[in-house]
Amino acid sequence: NAGVTQTPKFRILKIGQSMTLQCAQDMNHNYMYWYRQDPGMGLKLIYYSVGAGITDKGEVPNGYNVSRSTTEDFPLRLELAAPSQTSVYFCASSFLLAGGPVGNTDTQYFGPGTRLTVL
Amino acid sequence: AQSVAQPEDQVNVAEGNPLTVKCTYSVSGNPYLFWYVQYPNRGLQFLLKYITGDNLVKGSYGFEAEFNKSQTSFHLKKPSALVSDSALYFCAVRDRDNYGQNFVFGPGTRLSVLP
């Protein structure tokens with residue numbers, strides 16, 4: 001059981017380049033999330049998904065896109081990289097029951113992160 | 001709107017002494033509260049959570065947190081700090097009564113335990 005995995009661990013992009021950050025989980029979680037972490041700012045939610053085929057914007061979605069074609073995978077796409085997107089990106093997943101958070105559900109499990117620098 | 005405050009950027013404590021990392025929150029409904037820890041160059045790891053019931057919640061690595069509804073606080077505590085507890089700690093909240101709301105994280109508190 002690998003949990004939440006992310007690739008790559010590090011990446012340097014030039015302004016205007018594009019890339020996809022990969023995220024996968026093997027816990028059969030229905031919810032998946034993408035966050036960015038800037039120094040002293042905590043985590044900001046970029047996009048989230050409540051299940052395959054369903055995605056929604058979080059607090060800071062501009063400049064990013066996501067897709068969720070399977071339960072396991074939730075890639076994050078940067079189309080035209082900008083210096084403001086320099087950050088550490090974390091993917092997370094959780095399992096929520098239809099009736100709401102109960103017991104051990106709704107705990108988020110995080111991947112190790114991707115450190116992205118845009119120059 | 002939901003919000004979380006961690007009023008201290010940095011907390012320093014001597015090894016063996018008790019530690020407290022503070023968290024206050026704001027939600028329109030009832031809160032669902034979490035503490036996470038982040039070690040250098042790692043993702044966040046779950047420590048403990050409050051859903052309902054007993055206000056004192058016990059979690060991993062000897063940590064505990066006390067939910068105080070009147071003060072809207074959820075402070076993280078440990079009776080005897082270890083050097084290995086040095087890390088970045090995040091408090092998070094979700095509004096349990098607005099199921100569509102997602103988690104909001106605080107800015108983090110860096111804990112340094114001195115030998």
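Lettering follows sequence order; numbering is per chain, from 1.
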Side-chain donor-acceptor pairs of residues 58-67 of chain A under 3.5 Å, sequence neighbours excluded:
unit_1	atom_1	unit_2	atom_2	d
A:Tyr64	OH	A:Arg36	NH1	2.9
A:Tyr64	OH	A:Tyr89	OH	2.7

Between [atom1] of [X] and [atom2] of [Y], what distance do you get to the nearest 0.5 Å?
{"X": "A:Ser94", "Y": "B:Phe103", "atom1": "OG", "atom2": "CZ", "result": "6.0 Å"}
{"X": "B:Leu48", "Y": "A:Thr107", "atom1": "CG", "atom2": "OG1", "result": "10.0 Å"}
{"X": "A:Tyr35", "Y": "B:Leu44", "atom1": "OH", "atom2": "CG", "result": "9.5 Å"}
{"X": "A:Phe110", "Y": "B:Gln38", "atom1": "CZ", "atom2": "CD", "result": "9.0 Å"}

Side chain, backbone, both or neither: which part of B:Gln6 has a heavy atom under 4.5 Å from chain A?
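Contact with chain A is absent: no heavy atom of B:Gln6 under 4.5 Å.
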
Cluster question for you: counting only ILVMFWY and a side-chain heavy-atom cut-off of under 4.5 Å, with indirect links fine, are [X] and [Y] together?
{"X": "B:Tyr61", "Y": "B:Leu19", "value": "yes"}
{"X": "A:Tyr31", "Y": "B:Phe46", "value": "yes"}
{"X": "B:Val93", "Y": "B:Phe67", "value": "yes"}
{"X": "A:Met27", "Y": "A:Trp34", "value": "no"}
{"X": "B:Phe63", "Y": "B:Val37", "value": "yes"}

Please output the residues of residues 106-115 of chain B in contact with chain A, using a heavy-atom cutoff of under 4.5 Å, in numerical order.
B:Gly106, B:Pro107

May I ask you to list the residues in residues 68-91 of chain B that approach chain A closer than 4.5 angstrom, counting heavy atoms only, ordered by number?
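Residues in range: B:Leu88, B:Phe90.
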
Please look at A:Gln108 and chain B and tell me whether the side chain, the backbone, both or neither of the residue comes under 4.5 angstrom of a heavy atom of that chain.
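Both the backbone and the side chain of A:Gln108 come within 4.5 Å of chain B.
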
What part of A:Leu45 gets closer than 4.5 Å to chain B, counting heavy atoms only: side chain, backbone, both or neither?
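Looking at A:Leu45, just its side chain touches chain B.
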
The criterion is ring pair (Phe, Tyr, Trp, His ring centres under 6.0 Å); which residues satisfy it with B:Tyr25, sequence neighbours excluded?
none

Atom CZ of B:Arg42: over 12 foreign heavy atoms under 6.0 Å
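No - once you tally the heavy atoms of other residues, nucleotides and ligands closer than 6.0 Å, there are 12 at most.
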
